[in-house]
Novice: 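Just dropping this structure here.
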Amino acid sequence: MSDRLSDVQFWNGLEEVPRGLGPTAVTIGNFDGVHLGHQQVLARLVAAAHGQAAADTGAETGAGAETGEQADDAAAAAPGEVPSRTQSPTQAHTQPRAQAVAITFDPHPLQVHRPEESPVMLTGTAEKVQRLTETGIDALLVLHYNLDLAGLTAEEFVKTYFVDTLHASVVVIGHDVRFGRGNSGNFETMVELGRRYGFTVLGVDDFALSGRSVAETERRCSSTWVREALEAGDVAAAAEVLGRPHAVLGEVVHGAARGRGLGFPTANLGGDSEGMIPADGVYAGWLVDAAGARWPAAISVGSNPTFHGVERVVESHVIDRPTEEVEDFDLYGQHVRVEFVQRLRGMVAYEGVPKLVEQMYQDVEQTREVLSRLPAE
Ligand SMILES: Cc1cc2nc3c(=O)[nH]c(=O)nc-3n(C[C@H](O)[C@H](O)[C@H](O)COP(=O)(O)O)c2cc1C
Ligand SMILES: Nc1ncnc2c1ncn2[C@@H]1O[C@H](COP(=O)(O)OP(=O)(O)O)[C@@H](O)[C@H]1O
């Protein structure tokens, strides 16, 4: 877990929210992937809560001036009003500081309502929690999503969670928000409930990769976009929308012990790994070991068709390590993170091992090149 996590309060269910909480700014979402669009919303939440321009929050989203304006407005607007965009930003600084609280669901509502239609989650819950806590929020409330929760009317939901428990003074949401039984609540419902219960609603526009509101020619940052990119193996596009390389996390398990014989030992992830697995193919990326060391890696995703394998495996060959002795670099049993930077090629069923090995040398060379072109961290 990140250093930030220690500063962020983590509430697993309503029961864990401390009684007598001061005012809060609240946002709600599934936040699958915690992509740049999510990060912008969370930056606005933090800015609204702390009464300052988003650009000053220290959040890592690079939020622009427009974000700051809207967020200032939210902090300055009277309860129950949708804030205008013309108020003086200085007004915001006179407002008391509220706590920035993000609410998210676990599991994803679709997994409860229509599991057969539910998409593969981009990240596991632990990764989502970690990413959310890195955005500058003060607290994260994870709600266990079940049919009881789904059965609350829009008003019951808002009153129970936002008003009675979190004492929300500001609610930050997208214009396409849906909440309450049968998705009956929408943005206007929230504004109306804000009037009734005394909180300001700050509507945030969809964001594009530019970090600005979506223009006609642009696509909004979305979990669907990341999912499509990964399905196509375009991990570079996924990384752009996520604002970081996409990762699959898991335990290193034993494979066929063939890799060492080829001169390319590979750390194989077990079948219960977390994070969406990109399309079959070969990728340049990183393996982060249990101690947090980042190793450059040539990554293979597929069923080893050259050897007529059937099981789909994510396996990473750490480059620039002496490969003769597997024991010199023992990753078995470690929980590692495999990060995908760029696709190199598709998976090929080679006729004969020498051809595969020749290609693997080229993959490693290309991986080295790709990673060396990345800006230094
Ligand atoms: C960079 C790289 C590229 C690979 N490309 C292919 C490929 O094109 N076709 C294939 O069948 N296997 C490919 N593999 C997977 C190897 O077949 C696999 O790593 C090897 O059989 C060892 O399996 P093991 O870890 O179970 O011992 C690739 C592996 C790496 C590291
Ligand atoms: N450069 C390396 N990259 C990846 N794993 C390595 C490397 N060097 C040694 N290892 C170790 O070797 C193991 C993989 O060896 P391999 O022969 O491919 O066996 P398996 O089929 O069990 O994956 C890894 O799990 C790790 O413990």
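Since the model is a prediction, treat every value here as computed from it, not as a measurement. Residues take their numbers from the sequence shown, with the count starting at 1. Note that ligands are numbered from 1 as they come in the structure, with each ligand's atoms numbered from 1 the same way.
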Novice: Give the numbers and elements of all ligand 1 atoms closer than 4.0 Å to a heavy atom of Thr266.
Specialist: 19 (O), 25 (O), 31 (C)
Novice: Does at least one non-hydrogen atom of Gly261 fall below 4.0 angstrom from an atom of ligand 2?
Specialist: no
Novice: What do we get for Leu356 next to ligand 1 when only non-hydrogen atoms under 4.0 Å count, side chain, backbone, both or neither?
Specialist: side chain
Novice: With atoms numbered from 1 as shown, which atoms in ligand 2 lie under 4.0 angstrom from a non-hydrogen atom of Gly259?
Specialist: 17 (O), 18 (O)
Novice: Is the contact between Glu315 and ligand 1 made by the side chain, the backbone, both, or neither, using heavy atoms and a 4.0 Å cut-off?
Specialist: side chain
Novice: Applying a 4.0 Å heavy-atom criterion (strictly less than), which segment of Val282 is in contact with ligand 1: side chain, backbone, both, or neither?
Specialist: side chain
Novice: Under a 4.0 Å heavy-atom limit, does Val364 contact ligand 1 with its side chain, its backbone, both, or neither?
Specialist: neither
Novice: Can you find an N or O of Ala257 that's nearer than 3.5 Å to an N or O of ligand 2?
Specialist: yes
Novice: Under 4.0 Å from a heavy atom of Asn268: give me the atoms of ligand 2 that qualify, with their elements.
Specialist: 23 (O)
Novice: Checking the N or O distance criterion of under 3.5 Å, is ligand 1 in contact with Asp363?
Specialist: no
Novice: Give the minimum heavy-atom separation between Gly33 and Thr123, together with the two atoms involved.
Specialist: CA-CG2, 4.1 Å
Novice: Is there at least one pair of N or O atoms, one from Arg260 and one from ligand 2, spaced under 3.5 Å apart?
Specialist: yes
Novice: So do Met121 and His108 actually touch side chain to side chain, heavy atoms under 4.5 Å?
Specialist: yes
Novice: May I ask you to list the atoms of ligand 2 that are less than 4.0 angstrom from any heavy atom of His254?
Specialist: 22 (O)
Novice: Just which atoms of ligand 2 are under 4.0 Å from any heavy atom in Asp330?
Specialist: 27 (O)
Novice: Which word best sums up how the rings of His317 and Phe264 line up, parallel for under 30°, tilted for 30 to 60°, or perpendicular for over 60°?
Specialist: perpendicular
Novice: Any nitrogen or oxygen of Val348, main chain or side chain, under 3.5 Å from a nitrogen or oxygen of ligand 1?
Specialist: yes
Novice: Using heavy atoms and a threshold below 4.0 Å, how should the contact between Ala256 and ligand 2 be classified: side chain, backbone, both, or neither?
Specialist: backbone
Novice: Using heavy atoms and a threshold below 4.0 Å, how should the contact between Ala256 and ligand 1 be classified: side chain, backbone, both, or neither?
Specialist: both
Novice: I need the atoms of ligand 2 closer than 4.0 Å to a non-hydrogen atom of Val252, numbered in the order shown.
Specialist: 25 (O)
Novice: Any nitrogen or oxygen of Leu331, main chain or side chain, under 3.5 Å from a nitrogen or oxygen of ligand 2?
Specialist: yes
Novice: Numbering the atoms of ligand 1 from 1, which are under 4.0 Å from a heavy atom of Phe307?
Specialist: 17 (O), 21 (O)
Novice: Is Thr306 touching ligand 1 with its side chain, its backbone, both, or neither, if touching means heavy atoms under 4.0 Å apart?
Specialist: both
Novice: For atom 30 (C) of ligand 1, which candidate among Gln362, Met360, Lys355 holds the nearest heavy atom?
Specialist: Met360
Novice: So, is Phe264 polar-close to ligand 1, with some N/O to N/O distance under 3.5 Å?
Specialist: no
Novice: If hydrogens are left out, which of Ala297, Gly255, Ala298 has an atom nearest to atom 20 (P) of ligand 2, that is, the closest non-hydrogen atom?
Specialist: Gly255
Novice: Which of the numbered atoms in ligand 1 are below 4.0 angstrom from a heavy atom of Ala257?
Specialist: 27 (O)
Novice: Where's the contact between Gln359 and ligand 1, heavy-atom distance under 4.0 Å: side chain, backbone, both or neither?
Specialist: neither
Novice: Less than 4.0 angstrom from a charged side-chain N to a carboxylate O is my criterion; do Glu134 and Arg244 meet it?
Specialist: no
Novice: Could you list the atoms of ligand 1 found under 4.0 angstrom from a heavy atom of Gly255?
Specialist: 26 (O)
Novice: Counting only N and O atoms by type, is there a donor-acceptor contact under 3.5 Å from the side chain of Ser300 to the main-chain atoms of Glu315?
Specialist: no
Novice: Could you say whether the N/O atoms of Gly259 and ligand 1 ever approach to under 3.5 Å?
Specialist: yes
Novice: Please determine if Asn268 has a nitrogen or oxygen closer than 3.5 Å to a nitrogen or oxygen of ligand 1.
Specialist: yes
Novice: Please tell me whether Tyr145 and His113 form a close aromatic pair, meaning their ring centres lie under 6.0 Å apart.
Specialist: yes
